[in-house]
Amino acid sequence: MKTKRDSGDWWWLVYAAVNFGLLAAVIGLGFVALLASLEIALSIGARAIWQAMGETVRARYAFATLRNLWLIAGGLVLLVAIIYCVNSYFKRWRERRLLRVNLVALAAELLILLAASLLGVI
């Protein structure tokens, strides 16, 4: 049996504040995770490029191409994740289930940062 929400029910304010804070953390940490993943890709890619081509002009172009392609692909993935999280926030900003969406995004970003720190690139 559903009951009417009384005027003293203020839990939706708590959920809205927590969801907004998590959304801000997802956006901010997303850019840091993108840069950390770039460092991972460049450290692995530089070793492969160096072994294949040595110190040549083509190796420098390959390194720059790797960096540019990684930033384009990673930026698109980050953009899609941010759009999805913001869209979910505006649709369900009062609901508790939005916490899962933001926490999954934060967990993915923290895993990227953990991998970067374990590899020693940051």
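Being a predicted model, the structure only gives us computed values, none of them experimental. Both backbone and side-chain heavy atoms feed into the values below; hydrogens, waters and symmetry mates do not. Numbering starts at 1 and runs along the sequence shown.
Expressed to the nearest 0.5 Å, how far CG of L79 lies from CD1 of I83 amounts to 4.0 Å. With rounding to the nearest 0.5 angstrom, the OG atom of S88 is 12.0 Å from the CZ atom of R100. Rounding to the nearest 0.5 Å places OG of S37 at 13.0 Å from CG of L111. Of the inter-residue distances, the one linking L23 atom CG with I27 atom CD1 reads 4.0 Å to the nearest 0.5 angstrom. The structure places CD1 of I49 at 12.5 Å from CD of E55, a figure rounded to the nearest 0.5 Å. Distance check: E39 CD to R67 CZ gives 10.5 Å after rounding to the nearest 0.5 Å.
L78 and L35 sit in two unconnected hydrophobic clusters of ILVMFWY residues. Membership requires side-chain heavy atoms under 4.5 Å apart, directly or through other members. Following chains of ILVMFWY side-chain contacts shorter than 4.5 Å, one cannot reach L22 starting from V104, and the two form parts of different hydrophobic clusters. Note on L110: it clusters hydrophobically with I40, by side-chain heavy-atom contacts below 4.5 Å among ILVMFWY residues. Transitive grouping of hydrophobic side chains (ILVMFWY, heavy atoms separated by less than 4.5 Å) brings F90 and Y84 into a common cluster. Using a 4.5 Å cut-off between side-chain heavy atoms of Ile, Leu, Val, Met, Phe, Trp and Tyr, with links allowed through other members, L99 and L106 fall into the same hydrophobic cluster.
Two residues are said to be in side-chain contact when any heavy atoms from C-beta on lie closer than 4.5 Å; L34 and I112 fail this criterion.
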Inset, instruction - Tell me, with the steps shown, if L113 and L29 meet side chain to side chain contact (heavy atoms under 4.5 Å, CB included). - result: CA-CA 9 Å; L113 291 175; L29 200 59; 3.5 Å; yes
Legend entry - Residue pair S43, L119: steps toward the side chain to side chain contact (heavy atoms under 4.5 Å, CB included) verdict: CA-CA 9 Å; S43 65; L119 291 175; 5.6 Å; no
Inset, instruction - Give the intermediate values and the outcome of side chain to side chain contact (heavy atoms under 4.5 Å, CB included) for residues V18 and N102. - result: CA-CA 10 Å; V18 170; N102 289 332; over 6 Å; no
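Contact between V101 and C85 at its shortest, heavy atoms only, is CG1-SG, 4.3 Å. Closest of all the heavy-atom pairs between A16 and Y89 is O-OH, 3.8 Å. A59 approaches G54 most closely through the heavy-atom pair CB-O, 3.3 Å.
For the pair N19 (side chain) and Y15 (backbone), a donor-acceptor distance under 3.5 Å is present.
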